[in-house]
Amino acid sequence: MFGRICFSIDRRIPVSSTAEARSRAKQYDASAIEQKWQQAWEEAQLYRTPDESERPKWYAVTMYPYPSGDLHIGHWYAMVPSDAAARFKRMNGYNVLFPMGFDAFGLPAENAAIQRNIHPHSWTMANIENMRRQMRSMGTMFDWDREVITCLPDYYKWNQWLFLQFMKHDLAYQAKAPVWWCPQCQTVLANEQVIEGECERCHSEVSRRDLTQWFFRITNYAEELLDFTTIDWPDRVVTMQRNWIGRSEGARVTFRSEQDDPIEVFTTRPDTLWGATFMVLAPEHPLVEKLTTDSQREDVENYVAWARRQTEIQRTSTENDKTGVFIGAYAVNPVNDERIPIWIADYVLMGYGTGAIMAVPAHDQRDFEFAKQFDLSIRVVIKPEDEDLDAEMMTEAYPDEGVMVNSAHFDGTPTADGEAVSKVIEWLDEQERGRGEINYRFHDWLVSRQRYWGTPIPIVYCDACGTVPVPEEDLPVLLPEDAEFKPTGESPLKTHESFFNTTCPSCGAAATRETDTLDTFVDSSWYQYRYLNPHYEDGPVDPEKAAEWLPVDQYTGGIEHATMHLLYTRFFTKAMRDIGLLNIDEPFTRLYNQGIILGEDSEKMSKSRGNVVDPDELVDELGADLVRLYLMFIAPWDQGGPWNPRGIAGIDRFVRRVWSITDETADAAGDGDVDADVEQDLKKSLHKTIKVVGDDLGSFEFNTMVARLMEFINDLYQLRERGAVASPVWREALESLALMLAPSAPHLAEELWHRLGREFSIHQQAWPSYDEALTVEDTVELAVQINGKVRDRIETAIDAGEEAVVQQAMASERVQESVGDKQIRKVIYVPGRILNIVVG
RNA sequence: GCCGAAGUGGCGGAAUGGCAGACGCGUCGGUCUCAAAAACCGAUGGGCUUCGGCCCGUGUGGGUUCGACUCCCACCUUCGGCACCA
């Protein structure tokens, strides 16, 4: 079990060959010890978290997994350090809630159903069963009484209920809109799920479809979502969310066609309005059809068809030459009544702003390129302070600051500090030709999915009454279990008669149900609240529990959720607050993103690459505690990196050293005379270790935390040689060692604790305290530099005065040699750090 | 193209203005052993050395400072995000 581990390059097969190795295994049998304590903890319900407690609360959540079947090492990397941090908080006197659940709706279950003829429900529940077992084998302190499984009616009923509340509060609505369609997944996707024109999940190329879908009004909260002042989140995530929301300030201005159709544009540069020499509409713009003249119709239709065939990647590539066609119509510029031609071009996107722009080629590079391409006129309306611009001579647009020119009574207005922009907006507003506007890049959240395995949207369609919400008392709308799975591309709900056909809740006439289900990101938007009361029947969240526990103090998970889950859950929290269900503004006070463990080949782990590390195998061979410690030791937690099986040997050795020194000295500890210096050194090492290990655990620096414990063990071996075992402090040191290991190696720590004769359980003990005075050395080896180069080291008191230190340094032969007959120009002395004598 | 993070021995990494390389892997030497493994002890950035030491060294080039892996400027490389966003 515990012998030498030989890893070949592509197969990791442990070899515990010799008889000696097998006999040692009897001494520390990880598997027996771990199983014993897991069972004892469970029987004692050690990790059940009381709602009522004298202790201050600490609510820690790590992102729940999708029940794909097996925990992979990435799950361990996410959960193990979170668990250690939660345990550490518990030892520091907090009432810590650390729950776990399963993100159980989603496409893989449906694919498994089609491919292997297993019902999504049974497939999912069997996977959950297995993953729960694996998580237990990890030795985590999850409170399983609070488990949440999102595919059970107990949970998704409240998705439906929340959907109905969102409707009441005008936060959910149905609209026909161009939406992204994934042909592979046979469903629409939210904007966030489309990455470079591909489906986030299957990488198929997505296309646009006009469909009637359900949306959540996340854009209502755009401004509040841009405020991160009350939360302590990584800059990276904050920046990604800011970019995603994409706020820009500017003006909405109404141009008009010659037939007087209003054409709205959004611009961030209203100060350049007088330089608009043409307009460009997106090919999909609704007015294109109407405004195109007969002579241009054929060209326009060809272009629109061509643009539609372009993939999103081709269309948005900045490398492309500008393409477009004149539609034959003209618009009137509202600021100077000038007649300007209207073009369509694919560089104008229907999905941003109004889908139409005023083109100012002199001051916008894209418009400039377009004007050059099609020989359109260019007019300078912003001039640099100290030179003139000649439109004829320009080789690129001038987007910088300057002074307004050719702009009627605004001539001479400087553009710096937004002065020109705000003056023009003010004027547009007075003249009713436009108004100031803030535009956002992101859109409302599309939540409909044309899939079976999700929360049914609680809506009924009635010929007489229209779209009717299912009454709250009729919830949940149950997902039928006997649906037929055929790879038709149609939701099985459409062909399930007893689900599909129903009666109108309003008039009682025959009616049909909505067959779309909710995006699974709806489930994960509020699961952290359901943990508090997974079986509460009067609402999604018990207000008393919410007041007790919320907000979540620490959330941990992968960076890949920066703009989806983490934005949606912030929106949900604010929406639930406004509905009166919560009284917090933000779900997660602190956020931490762990890194990714790669395969041995430094590539992302995947079955097809064959570089996957199976945690079950590792636990069998090494025990959970070794895997836990190694994952923490491998690198800083936010960094991750390649899995190197050879490195485990160091952790193996460390654990064995901990084990044997405890085993060999526990009984003899404190039963003799000890040298006072040795005892003092033991105390110092102990107190210093307690301090730095605690500091590192508190700041998630798990790799150095393990290194500190290794240093401590090395110290103990040295001190043993010097007779330290005879000191009564020795026993304190062994007990503290066990306590310091408790967060990261819970089974080993528990076993040591008992072998030291202490009572069940170490996980109810407080973190050991330390004496600050013992953590600092009173003498120190001070480096003496001459002109910045170390020339000698002298032993000084930590708080020695400068004069005495210089005197001592100058007494050194080596220092004298370096100084020679040169004069001392300057002395820099940092007590305990350095003495630098500048000579010359 | 824009924004951000990172670049340190053979390898994972430590040190965030004060002795670069903690801790660990690997390697080498020693103790034990018939032998090997394990365990334990020691060495381990490079070059030179008269064995006292000396010089060089944290992606590259400059700068600030008594002193820079750390701060500033420019560049190179890698990774991540955004990208015709009006």
Enquirer: With sequence neighbours left out, what residues match A/Pro81 under side-chain contact (heavy atoms from CB on, under 4.5 Å)?
Expert: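 In terms of side-chain contact (heavy atoms from CB on, under 4.5 Å), with neighbours along the sequence ignored, A/Pro81 is linked to A/Met632, A/Trp637, A/Phe702.
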
Enquirer: Are the side chain of A/Arg628 and the backbone of A/Pro743 linked by a donor-acceptor contact shorter than 3.5 Å?
Expert: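 The answer is yes, because a donor-acceptor pair under 3.5 Å joins these two groups.
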
Enquirer: Donor-acceptor pair, A/Thr254 side chain versus A/Arg433 backbone, under 3.5 Å?
Expert: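 Such a contact is absent between A/Thr254 side chain and A/Arg433 backbone.
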
Enquirer: Please report the distance separating the P of B/C19 from the corresponding atom of B/G67, rounded so that it comes out in whole Å.
Expert: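 Their P atoms lie roughly 15 Å apart.
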
Enquirer: Could you work out the separation of B/G9 and B/G59 based on their P atoms and round it to a whole Å?
Expert: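 Result for the P pair: 8 Å, nearest Å.
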
Enquirer: Any pair with a residue in residues 350-368 of chain A that passes salt bridge (charged side-chain N to carboxylate O under 4.0 Å, His left out), sequence neighbours left out, goes on the list, sorted by first then second residue, please.
Expert: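 Residue pairs with at least one partner in residues 350-368 of chain A: A/Asp364-A/Arg366.
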
Enquirer: Under 4.0 Å: is that the gap between some side-chain N or O of A/Arg653 and OP1 or OP2 of B/G26?
Expert: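 Result: yes.
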
Enquirer: Expressed as a whole number of Å, how far does the P atom of B/A14 sit from that of B/C51?
Expert: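 It comes out at 40 Å once rounded to the nearest Å.
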
Enquirer: Closest-nucleotide mapping onto RNA chain B: is A/Thr323 or A/Met240 further toward the 5' terminus? I mean the 5' end.
Expert: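 Per heavy-atom nearest nucleotide, the more 5' residue is A/Met240.
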
Enquirer: Which is it for B/G30, anti or syn, if anything within 90° of zero counts as syn?
Expert: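 Base orientation: anti.
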
Enquirer: As a quick check of understanding, evaluate side-chain contact (heavy atoms from CB on, under 4.5 Å) for A/Asp346 and A/Thr323, giving each step before the final call.
Expert: CA-CA 7 Å; A/Asp346 67 351; A/Thr323 60; 3.4 Å; yes

Enquirer: Using modelled atom types and a 3.5 Å cut-off, is there a donor and acceptor pairing between side-chain atoms of A/Thr704 and backbone atoms of A/Glu701?
Expert: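 Such a contact is found between A/Thr704 side chain and A/Glu701 backbone.
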
Enquirer: Sugar-phosphate means primed atoms, P, OP1 and OP2; the rest is base. With that split, encode nucleotides 3-14 of chain B 5' to 3' as B, S or - using protein heavy atoms under 4.0 Å.
Expert: ---------BSS

Enquirer: Just N and O in the side chain of A/Arg366: are any of them under 4.0 Å from OP1 or OP2 of B/C85?
Expert: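 Yes, within the criterion.
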
Enquirer: Using the P atom as the point on both nucleotides, what is the distance between B/C75 and B/G1, in whole Å?
Expert: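 Here B/G1 and B/C75 have their P atoms 12 Å from each other.
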
Enquirer: Which residues pass the side-chain contact (heavy atoms from CB on, under 4.5 Å) test with A/Ser377, not counting sequence neighbours?
Expert: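 Applying side-chain contact (heavy atoms from CB on, under 4.5 Å) to A/Ser377 gives A/Thr277.
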
Enquirer: Establish, with yes or no, whether the OP1 or OP2 oxygen of B/C54 is under 4.0 angstrom from a side-chain nitrogen or oxygen of A/Arg791.
Expert: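 Checking A/Arg791 against B/C54: at least one side-chain N or O falls below 4.0 Å of OP1 or OP2.
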
Enquirer: Classify every nucleotide of nucleotides 63-71 of chain B by which part a protein heavy atom approaches to under 4.0 Å, writing B for the base, S for the sugar-phosphate alone and - for neither, in 5'-to-3' order.
Expert: ---B-----

Enquirer: Taking atom P in both B/C76 and B/U65, compute the distance separating them and give it to the nearest angstrom.
Expert: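 Their P atoms lie roughly 28 Å apart.
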
Enquirer: Between B/G17 and B/G13, how many Å separate the two P atoms, rounded to a whole number?
Expert: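 The same atom, P, in both gives a distance of 22 Å.
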
Enquirer: Could you tell me which residues satisfy side-chain contact (heavy atoms from CB on, under 4.5 Å) with A/Ala707, sequence neighbours excluded, listed by chain and number?
Expert: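 A/Ala707: side-chain contact (heavy atoms from CB on, under 4.5 Å) contacts with A/Phe633.
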
Enquirer: Does the plane of the ring in A/Tyr352 sit parallel, tilted or perpendicular to the ring in A/Phe266? Use 30° and 60° as the thresholds.
Expert: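 Taking A/Phe266 first and then A/Tyr352, their aromatic rings stand perpendicular (interplane angle over 60°).
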
Enquirer: Does a salt bridge link A/Asp681 with A/Arg722, judged by any charged N lying under 4.0 Å from a carboxylate O?
Expert: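 Looking at A/Arg722 together with A/Asp681, the answer is yes, because their closest N to O distance falls below 4.0 Å.
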
Enquirer: With sequence neighbours excluded, give me every salt bridge (charged side-chain N to carboxylate O under 4.0 Å, His left out) pair touching residues 828-840 of chain A.
Expert: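 Listed once each, the pairs would be none.
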
Enquirer: Among residues at least two apart in sequence or on other chains, which ones pass side-chain contact (heavy atoms from CB on, under 4.5 Å) with A/Gln193?
Expert: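 Checked A/Gln193 against side-chain contact (heavy atoms from CB on, under 4.5 Å); matches are A/Leu189, A/Ala190, A/Glu200, A/Arg449, A/Asp519, A/Phe521, A/Met564.
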
Enquirer: Toss me the dot-bracket line for RNA chain B: Watson-Crick and G-U wobble, both under 3.5 Å, 5' to 3', using | for pairs to another strand and [ ] for crossers.
Expert: (((((((..(((.....[....)))((((((.......))))))((((....))))..(((((..]....))))))))))))....

Enquirer: Using 4.0 Å as the upper bound for N to carboxylate O, is an ion pair formed by A/Glu817 and A/Arg791?
Expert: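 No salt bridge links A/Arg791 with A/Glu817.
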
Enquirer: How far does the P atom of B/G42 sit from the matching atom of B/A22, given to the nearest Å?
Expert: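 Result for the P pair: 15 Å, nearest Å.
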
Enquirer: Kindly point out which of B/C19, B/C85, B/A15 is positioned nearest to the side chain of A/Leu349?
Expert: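 Of all the options, the side chain of A/Leu349 is nearest to B/C85.
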
Enquirer: For nucleotides 42-50 of chain B, read 5' to 3', which letter fits each nucleotide if B means a protein heavy atom sits under 4.0 Å from the base, S means only the sugar-phosphate is that close, and - means neither?
Expert: S--------

Enquirer: Flag this pair as yes if the NZ/CZ of A/Arg657 is under 6.0 angstrom from the six-membered ring centre of A/Phe654 and inside a 45 degree cone about the axis; otherwise no.
Expert: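 The answer is no; the distance or angle limit is not met.
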
Enquirer: Looking only at side-chain N and O atoms, does A/Arg656 come under 4.0 Å of OP1 or OP2 in B/A39?
Expert: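 Indeed, a polar side-chain atom of A/Arg656 lies that close.
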
Enquirer: A/Asp346 side chain: which of B/C56, B/G24, B/C84 is closest?
Expert: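 Of all the options, the side chain of A/Asp346 is nearest to B/C84.
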
Enquirer: Distance check, P atoms only: B/U50 and B/C32, in whole angstrom units.
Expert: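 After rounding to an integer number of Å, I get 34 Å for this pair.
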
Enquirer: Quick check on contacts: within residues 266-276 of chain A, what sits under 4.0 Å from RNA chain B by heavy-atom distance?
Expert: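 Correct list: A/Phe266, A/Thr267, A/Thr268.
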
Enquirer: Within 90° of 0 counts as syn, otherwise anti: where does B/G52 fall?
Expert: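 Classified syn.
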
Enquirer: Taking only residues two or more places apart in sequence, or in another chain, which ones meet A/Thr563 in a side chain to side chain donor-acceptor pair (under 3.5 Å)?
Expert: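 Result, side chain to side chain donor-acceptor pair (under 3.5 Å) vs A/Thr563: none returned.
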
Enquirer: Assess A/Arg242 against A/Trp233: is NZ or CZ under 6.0 Å from the centre of the six-membered ring, and within 45 degrees of the ring's axis?
Expert: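 Checked: cation-pi criterion not met.
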
